Amino acid sequence: MPRVCYEVRGQYALFTNPMTKTGGDLHSYPVPTYSAVAGLTESIYWKPTIQWKPLRIRILNPIRYQARSKLLPVFKTGGKDLAYYSYLSDVCYQIEVQLAWGSGRYASARKLAKHYESKPRCLRRGGNLPVYLGTAECFAYVRPCLFGDGNGYYDTVDMDFGIMVHSRDFEKNEVRLAPCRMHQGVIRFPDQKECITRKSRAGGD
């Protein structure tokens, strides 16, 4: 199946680490997760007959955090409480994804050439829908690119980010976890079958 490469950049990003949700403050993972990349790719171009499989991501800019305070409503008392969110600042990534077929219900619409030609057109327009980096307040800009083109901050660096959330299976109520390792600035996403699965709590995370 064909592959598509694009560059995405933004002033802020927030790929929420679920371990930080319990206290009200949010802290971003240092790099995007598999599900975050799949979601922003679908914002650029998506049809019911296809799905996008993230393959790898290249980290171009230094990983920097910026803390920002927020007044959040407290529904029990009707007041407000101060929370701190740790965002990634000035991010830029090169992403490679692969087109795959989605639900068999739309098998009659599986026209590979059509989707392969439509994706670059949507990229040049900035996407069919607004593209966000984790949350709706972190707007992003996208454009076509050649994966590996240009210089990246981590081109000679290897780094281990530990176990991170990979994706979720809402039908089975499972969360998929996988180790995240960067080799010379590039992170390769494992296939869903290679992930460790954990049951979610009743009603979601």
Side-chain angles (χ1 to χ4, degrees), residues 1-17 26-46 52-68 85-100 115-167 178-191 194-195:
M1 297 293 282
R3 299 183 178 189
V4 176
C5 299
Y6 65 92
E7 180 182 292
V8 57
R9 62 172 62 243
Q11 186 176 2
Y12 297 105
L14 180 59
F15 308 109
T16 305
N17 184 340
L26 298 182
H27 189 82
S28 177
Y29 276 129
V31 293
T33 62
Y34 178 99
S35 57
V37 172
L40 68 90
T41 306
E42 290 176 357
S43 296
I44 299 170
Y45 176 76
W46 180 81
W52 292 105
K53 179 181 177 182
L55 299 178
R56 54 181 178 164
I57 181 171
R58 184 178 178 220
I59 315 300
L60 295 180
N61 288 356
I63 298 172
R64 295 193 179 101
Y65 283 95
Q66 181 173 335
R68 302 172 67 186
Y85 287 13
S86 293
Y87 295 81
L88 294 173
S89 176
D90 187 25
V91 299
C92 185
Y93 310 114
Q94 288 179 352
I95 294 173
E96 183 181 61
V97 296
Q98 185 177 41
L99 187 149
H115 299 302
Y116 188 61
E117 293 172 359
S118 297
K119 177 72 173 184
R121 288 200 301 267
C122 293
L123 270 173
R124 289 191 292 269
R125 294 199 302 262
N128 276 345
L129 298 173
V131 181
Y132 305 115
L133 290 165
T135 64
E137 60 197 277
C138 300
F139 188 77
Y141 300 91
V142 296
R143 68 180 183 90
C145 76
L146 180 64
F147 195 92
D149 191 28
N151 297 322
Y153 187 80
Y154 297 101
D155 285 351
T156 59
V157 176
D158 292 350
M159 195 177 299
D160 194 334
F161 298 105
I163 301 295
M164 291 174 49
V165 170
H166 178 276
S167 54
C180 181
R181 300 183 182 91
M182 179 171 67
H183 175 62
Q184 296 182 353
V186 176
I187 298 170
R188 296 182 181 274
F189 293 111
D191 190 83
E194 303 172 20
C195 295

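Given the structure is predicted, the values throughout are model-derived calculations rather than measurements. Scope of the values below: all heavy atoms of this structure, side chains included, with no hydrogens, waters or symmetry mates.
Atom CG of Asn151 has 12 or fewer neighbouring heavy atoms from other residues, nucleotides or ligands inside a 6.0 Å radius. Crowding of Arg68 atom CZ: a count of heavy atoms from other residues, nucleotides or ligands under 6.0 Å exceeding 12. Around CZ of Phe161, the count of heavy atoms belonging to other residues, nucleotides or ligands within 6.0 Å exceeds 12.
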_Pair Leu99-Trp52, side-chain contact (heavy atoms from CB on, under 4.5 Å): steps then yes or no_ = CA-CA 5 Å; Leu99 187 149; Trp52 292 105; 3.6 Å; yes
*Could you walk me through whether Ile59 and Met159 pass the side-chain contact (heavy atoms from CB on, under 4.5 Å) test, one step at a time?*
CA-CA 11 Å; Ile59 315 300; Met159 195 177 299; over 6 Å; no
_Quick one, Asp158 with Arg181, criterion salt bridge (Lys or Arg N to Asp or Glu O under 4.0 Å). Give me CA distance, side-chain angles, the key distance, then yes/no._
CA-CA 8 Å; Asp158 292 350; Arg181 300 183 182 91; over 6 Å; no
*Might you work through the side-chain contact (heavy atoms from CB on, under 4.5 Å) test for Phe147 and Arg56, ending with a clear yes or no?*
CA-CA 9 Å; Phe147 195 92; Arg56 54 181 178 164; 3.5 Å; yes
*Please test Cys5 against Gln94 for side-chain contact (heavy atoms from CB on, under 4.5 Å), starting from the C-alpha separation and ending with a verdict.*
CA-CA 7 Å; Cys5 299; Gln94 288 179 352; over 6 Å; no
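You'll find the side chain of Tyr154 reaches within 4.5 Å of the side chain of Ile63, heavy atoms only. Asn128 places a side-chain heavy atom less than 4.5 Å from the side chain of Tyr45. For the pair Tyr141/Gln11, no side-chain contact is recorded, criterion being any heavy-atom separation below 4.5 Å from C-beta on. For the pair Leu40/Tyr6, a side-chain contact is recorded, criterion being any heavy-atom separation below 4.5 Å from C-beta on. No side-chain heavy atom of Trp46 sits under 4.5 Å from any side-chain heavy atom of Leu129. Pro144 is listed as a side-chain neighbour of Arg124, based on a closest heavy-atom distance under 4.5 Å. With a 4.5 Å cut-off on side-chain heavy atoms, His27 and Tyr65 count as touching. Residues Ile57 and Ile95 are in side-chain contact: their nearest non-hydrogen atoms beyond the backbone lie under 4.5 Å apart.
Neither side chain, Tyr12 nor Thr135, offers a donor N or O lying under 3.5 Å from an acceptor on the other. For the residue pair Glu137 and Tyr85, no side-chain donor N or O sits within less than 3.5 Å of a side-chain acceptor on the partner.
The minimum heavy-atom distance linking His166 with Pro190 is given by the pair NE2-O, 3.0 Å. Listed here is the closest heavy atom pair of Met164 and Pro32: CE-O, 4.4 Å. A pairwise comparison of heavy atoms in Val31 and Cys180 identifies CG2-SG, 3.9 Å as the closest pair. For the residue pair Pro54 and Val97, the shortest heavy atom distance occurs at CA-CG1, 3.9 Å.
Classified by interplanar angle (parallel below 30°, tilted 30° to 60°, perpendicular above 60°), the ring pair Tyr132/Phe139 is perpendicular.
Checked by atom type and distance alone, the side chain of Ser28 never pairs as donor or acceptor with a backbone atom of Tyr87 at under 3.5 Å. Counting only distance, with no hydrogens or angles, the side chain of Tyr29 and the backbone of Val165 share a donor-acceptor pair below 3.5 Å.
The CG atom of Leu133 lies 11.0 Å from the CZ atom of Arg9; values are rounded to the nearest 0.5 Å. Note that the OG1 atom of Thr156 and the NE2 atom of His183 stand 11.0 Å from one another [nearest 0.5 Å]. Between atom CG of residue Leu55 and atom CZ of residue Arg188 there is a gap of 9.0 Å, rounded to the nearest 0.5 Å. Between the OG atom in Ser89 and the CD atom in Gln66 there is a gap of 5.0 Å [rounded to 0.5 Å]. A distance of 9.0 Å separates OG of Ser35 from CZ of Phe189, quoted to the nearest 0.5 Å. To the nearest 0.5 angstrom, Leu88 atom CG is 5.0 Å from Tyr93 atom OH.
A salt bridge links Asp155 with Arg58; the closest basic N to acidic carboxylate O contact falls under 4.0 Å.
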